[in-house]
Amino acid sequence: MAVVSGTQRAAHALLAGAWLTLGAVLGLVVITTPLPLSAQAIFAGVVFALALLLQRFRQRGMTLLLMSLSIIVSTRYVYFRVGSTLPDSLSLDLFLGVCLLLAELYAYLMLLLGYLQTAWPLRREPLSLPEDVSTWPTVDVFIPTYNESLTVVAPTVLAARALDWPSSKLRVYLLDDGCRPEFRAFAERVGVEYFERVESTHAKAGNINKALGRTQGEYVAIFDCDHVPTRSFLQVASGWLLRDPKIAMVQTPHHFYSPDPFERNLDTFRDQPNEGELFYGLIQRGNDLWNAAFFCGSCAVLRRSALEGVGGIAVETVTEDAHTALRLQRHGHHTAYLDLPQIGGLATESLSAHVGQRQRWARGMAQIFRVDNPLFGPGLNLGQRLCYAAAMLHFFHGLPRLVFLLAPLSYLFFGAQILRGAPALVLAYGLPHLLHSTLTNARTQGRFRYSFWSEVYETSLAPFIALPTTLALIAPKLGSFNVTAKGGQVAQAYFDRKIALPHLVLSVLNLAGVAVGLTRLYLGDPHADVALLNVGWCAYNLLLLGAALAVARESRQRRAVPRVPAQLSAVVRLAGGHARAAETRDLSLHGASLHIPNLSPLSATTPLSLGFGEPGRLALPARVVAHRGAELRVAFEALSHEQHAALVEGIFSRADTWSDFRAARKRDRPLLELLRIVGHGLRGMLWLCFSPFTRSAAARASAAQAALVKAPGEVRS
Amino acid sequence: VTASRNPRARAPRSTARRAGAFWPGLAAYSSLALLAPRPTLAQSVEAATAARAPAHASQNLQSFRLPLADLGLTKDVLAYSDVASQSVHFKARADHVLTRAELDLRLVRPAGVAGFEALDVLLNGELAAVIPVAQFATEPLHKRMSFEASSLAGENTLSLRMRSARDAEGCGRVPAGAWNALQAADLWLESAALPLPDDLAELPLPFFDPEFDREQVLHFVLATELTSRDLEAAALVAAWFALQGRGRLSFEVHTHELPNDDAVVLVDSERAASQLALGPSKQDGRASLELRANPKAPERKLLVLRASDATQLLAAAHGLLRDGYELSGARVEVASQSALANQSAPDALANQSEVPRWVTHGDVVLGKLPEPQPLRVQGGRSGTLRIGFRLPPDLFVWPSEHVELDLGYTQGISPDHGPARLHVAFNGASLGTLPSTTRGRVKLHVPRSELRGYNELYLHVSYVDPAADGGSTCSGADDPRAFVALTPDSRLRVGRARRFALLPDLRLFLYDGFPFTARGDLRDTSVLLPADPRASELATMLDAFAHFAAITGQAWTHTRIELGEPDDSTLAGRDVLLIAAAGRHPLLRRWQAQSSVAFAGSRVDLRYPQRVPLLDRYLSGRFGQSELERARLAAQGGGLGVVFGFPAPFDASRSVVVLSGSDDAHMPRLSHLQGYAASSEARNDVLLINSRGRFLFWLGAERGRGQLPWLLGLRFWLAHDWPVLVAMLMASAALIAGWARNRLAALARRRLSEQSV
């Protein structure tokens, strides 16, 4: 039987190989068969119409079919670009043409790697733990901190203390690189271990490694100091570690309950996915299929033996987390990813902080690419190599994006023909590539990142990460760990001119390009089609740059502490002892919003108490902030330590705190998103055009910038 | 007179010498021209055209129109040119002298010529007219001017010069596009014929001037039985004439009747000769070639090829072509009887598959063209070096978008005006400007779409004063140190190109005679005529043979001309050229299922061929009926000339081309075959010619001719029948997606079931 089974397997493998070979050969023929303009235009139109038709079917097979179509159409474009559109002779045109081609090849490569990562996101469910808790492993929870304020760190510690795990097997460690007495006192007060480190070498990685040497738990859970875990975290994450000893790390998503600069400044918070959701919602699941889910520095449980086997957290780069995961994989360990948000964290508070964080990530990934390139070296299979390479190459988007932002100017300013051939033919080949990739990505990524927003994110970050990634490739040891500011508050709106300066310059150049192009057209440019194409390109660039400029206009942040949406039953007790049932709409450590129908109007500052759970279990003193109709907003009065801890648990520790954050999300509609970006872009352009004439507003903005409330702390994340 | 074999010894006399010798006659004509009040030349020619009569004002005066575009000032040249002065050269036929000329200019508001004062017209260096720019700055200007005989020479140079205050001599530069101001320019010329002696050495004069680049009409008189052999002899003589020069020839055929004009007469019996009043043969039993006065119009000449029967006539024609003779005196014996016996067997002829005027092997090396051409522009005057060469029209470079032109050049620089600006164009398409160095080598790309059977490489040499903005001096114009030359090893890299074409393709037939010319001796060609061919059909046949000879540089030697309906077996392996008016040939009816054109009496019926499956049309991207509807619309009303092609019914690898017309008067002629035709498709199989113009359509099926590697052939087929490419794309995507689905699902199952314990 074994022989028959082997033969069958061989036959299946042979059949599958023949199947793929036939598909590849047919695809190659399609890719390499050129068509004249009209035929190519109709061909492209027919194929895209078919893709739109297929897109209506929701099966996963159709997704793969759309991906295959997109790959073939894009490869056909690349084949055409490389073979037919480069300038003929050695000249400036050729140099610029090659730059543009390289940028396009990068985008094409990232498209392919993206498809690899998102083709089949693994739907991994949590595994239940053995009923016998004595078999559960011991866990050390590490919360590294450096200079963050206690108000940021305390909820994390309190929530970690409340994790559902046998207390005898759980140790929470506050790892303070800042050696701050108040932190020691806080740790002692709440009953967690406190480790301090004087030398601060290797930043967060060094902090954790030192703690590793002083602890013995079988598993290690790591949280950034602003990542407040739900109580279920360990039970959710540990099942797979218990089941498969080869799994060295289980990662869960980073969920942010405060808006990042894009969400806040473009007013999209909770309406659309934030920048990180694509990675945590889709790409990590896709990586998991290839056994390439990687450690993100927080919200993960690691097997101590495996971690120690690779020498602890990697210290050679500033993205120690990804590098550590890569080492674990090289040593044959497996990793897993569970797409269940089990923490709530604070997003970056301003665009400049956001840029600083992304710069570090970009530099770190470039360092890994340079010093421990996943494409080479032992221990990884092809899927892992490609997934890690995709993660690292993603951060090299700075230069290509700058090329795209500047390429049309080469003709408009200097008359350089960087594309040989009729623009109409280039469009006939290029547009299908863009349309199919947009359509396919909208289908695969739509729930996690709306169409065209990658362009906005990349445009915003490109000027800042182009240089660090390039430098890191040349000299990987340059640069140090920068700490991300979090927990701050923007007291008044202002325009961050410093961070927007590159975009201002690029916008002015593209505006000038449009003006020059229109002038060329008016004067009868002999290459009117080329001029028109480049003017259109500049206009698109301007929309993206406008959106980037709009992000640089920091909106006022009214609340010091973000509120968390929560519909919890509560009891409001007024001073006279009168009690009314209520339901919370949102909660924060400073207050709550409640829904109480038919309540007599309450004036501001009216004292009351807010109770949760069983009567008498938790009652928080509060006062009325506002009462309109059935909506009552209250602010908590001075809370005791116990009340504060209970409030933290109430807000953050519920197992279902973040479970349905995507539930109300609308599906991606690419055209609508394009229109939205156009709106943001126009807004940004208006600021660009009119800000030089509104000196008083600018002065006010400067004053507002000065009034930025100092960040309570910065987070090593 | 004894014929001697020395074909290259004969050199044409110079026009100047001939004009001088007959100057008194010229003076008489000129006086008459000056004294008599006459309509303008344009009016004369137009009136003659309207009356469908030859454009002869009298027996000795000839008037015709010569667009400057035909002389080199094409729209493309004008659009790209930035030199202030444009010149063309013109002359009369070698046996004529110019008596009068008119220039007809249509000018519109020029773009970007601020600072320019006037457009000067110069004839042979003398200022003939000044047209102030102000005259056409606001409204279009139609300007006509005359040049009298005294200002005309044997060879003339007409110059147009944009003059400014800073550039009085027109040696400077104008903004590109400025010459678009010249919307149309026509020369109307009148010439007088000069009397010639009865000397065969003058051939092809007086029948046509080989250096005169205009369509010329030859009268052929067939005083024969019109057997296949007679017709083959006539076709050979027509081809021989075509080989004597590069001018386009058109034929008028008369049977047993002399025209009042110069004519070539083929006589195969004494009886026929006496009917034409040619008198008895002077050398019984021997074929002869004689130049003599036309008994019907003594000032006109007849070239009489005389034999005792059709076989001898054909052999004589073969001999004339194959061997060549030193033709001098009034009469020569063409070939001896013994020679005729040896030459009469077709198999004895050389097995020629090469085409003399084509570059059929390797790259096109400019220094080794079949017909060597100058590669050098001497002196410091702006000008254009034009190098023409023929390639096989089925040269196949797909999928490459271009062919590399590897161009080496040198130039001598006059210190007076610096280096020339060198611009390269190919068949009118601009390829680029060469660096202004004394020598260099560049690689330019000739777009695939620009490759044709006959190709012209242009090197535009412009001398402008680099120090002056729009102004210049003409110093250095005659500096012998100044020159520009292309190196002889410059080459067009087509050596690796394959030979393949989709046929029928009327464009290839009309301009290159393809597929018939694929063999220089037309050995794979059969020409079919009705059993009783009419003069119009014969004229079309002679047109075609002369056309083929001019293309290949070789008169046919292996074609079969067949009258009536041949058996299909005799056509196997041959391309067929069928020449017959509507309803005159049985094969037109027999093959109508395969063709796009059917005849019902004199009515032309257009349709999609019955044997072309609907799928074929759809696969090649021809959806709907629009092309057919357009064709039917174009065919409406009046007489119609039709040229159409289709895959041969008797041999899948061969083609049939039909030259037909709704009646005799509308049989297609050479002049109908070339020039602009309205078309909505890149390839065509039907040409309709009527009083409203020429219209090309693609209605029928086509087949590939030539061998391609299978993968290349598959790709080409897909590119051609692109809807299949859609199906192939979907199939490829489905196969890859299916494979990926199975593979990824298995991987996912494995990942979720992993348990190392």
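Note on naming: letters A, B, ... go to the chains in the order of the sequence lines (proteins, then strands), and numbering restarts at 1 for each one.
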Check whether [X] gets within reach of chain B through its side chain, its backbone, both or neither, counting any heavy atom under 4.5 Å.
| X | result |
| --- | --- |
| Leu69(A) | both |
| Thr32(A) | both |
| Leu28(A) | neither |

Practice task
Look at atom CZ of Arg123(A) and say whether more than 12 heavy atoms of other residues, nucleotides or ligands are closer to it than 6.0 Å.
Solution key: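 It does not: Arg123(A) CZ has 12 such atoms or fewer within range.
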Practice task
State whether the number of non-hydrogen atoms from other residues, nucleotides or ligands found under 6.0 Å of Trp398(B) atom CH2 is greater than 12.
Solution key: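 Yes, enclosed.
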Exercise for the section: Could you look at Leu712(B) and say if it's the side chain, the backbone, both or neither that has a heavy atom under 4.5 Å from chain A? Expected result: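 Contact with chain A: none, neither part.
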Exercise for the section: Please flag which part of Leu444(B) lies under 4.5 Å from any non-hydrogen atom of chain A: side chain, backbone, both or neither. Expected result: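 Interface part for Leu444(B): neither.
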Problem - Neighbours of chain A found in residues 730-749 of chain B - heavy atoms under 4.5 Å - result: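 So the qualifying residues are Met730(B), Ala731(B), Ser732(B), Ala733(B), Ala734(B), Leu735(B), Ile736(B), Ala737(B), Gly738(B), Trp739(B), Ala740(B), Arg741(B), Leu744(B), Ala745(B), Leu747(B), Ala748(B).
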Handout entry: For chain A, which residues of residues 399-409 of chain B have heavy atoms nearer than 4.5 angstrom
Key =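 Result: Pro399(B), Glu401(B), His402(B).
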Handout entry: N/O donor-acceptor pair under 3.5 Å between Arg751(B) side chain and Leu122(A) backbone
Key =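 No.
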Handout entry: Pairs involving residues 52-67 of chain A, ordered by first then second residue, that meet side-chain hydrogen bond (donor to acceptor under 3.5 Å, both in side chains) (sequence neighbours left out)
Key =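 Sorted pair list: Thr63(A)-Arg443(A).
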Exercise for the section: To the nearest 0.5 Å, tell me how far Thr33(A) OG1 sits from Trp722(B) CH2. Expected result: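 Reported value, rounded in 0.5 Å steps: 14.0 Å.
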Handout entry: From Arg76(A) atom CZ to Leu725(B) atom CG, the distance as rounded to the nearest 0.5 Å
Key =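 Arg76(A) atom CZ to Leu725(B) atom CG measures 5.5 Å (nearest 0.5 Å).
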Exercise for the section: Would you please go through residues 43-50 of chain A and name the residues with a non-hydrogen atom below 4.5 Å from one of chain B, in numerical order? Expected result: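 Interface residues of residues 43-50 of chain A: Phe43(A), Val46(A), Val47(A), Leu50(A).
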Exercise for the section: Pick whichever of Val726(B), Val442(B), Leu752(B) has the most heavy-atom pairs under 4.5 Å with chain A. Expected result: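 Looking at each option in turn, the highest pair count goes to Leu752(B).
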Practice task
For side chain to side chain contact (heavy atoms under 4.5 Å, CB included), just list the numbers for Leu711(B) and Val29(A), CA-CA rounded to whole Å, side-chain angles, deciding distance to a tenth of an Å, and then say yes or no.
Solution key: CA-CA 8 Å; Leu711(B) 184 57; Val29(A) 172; 4.0 Å; yes
Exercise for the section: Could you tell me which of Leu35(A), Leu65(A), Leu289(A) has the largest number of non-hydrogen atom pairs under 4.5 Å with chain B? Expected result: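 Ranked by contacts with chain B, first place is Leu289(A).
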Problem - Contact winner vs chain B - Gly17(A), Ala39(A), Ala336(A), Ser38(A), heavy-atom pairs under 4.5 Å - result: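 With the most close heavy-atom pairs to chain B, the winner is Ala39(A).
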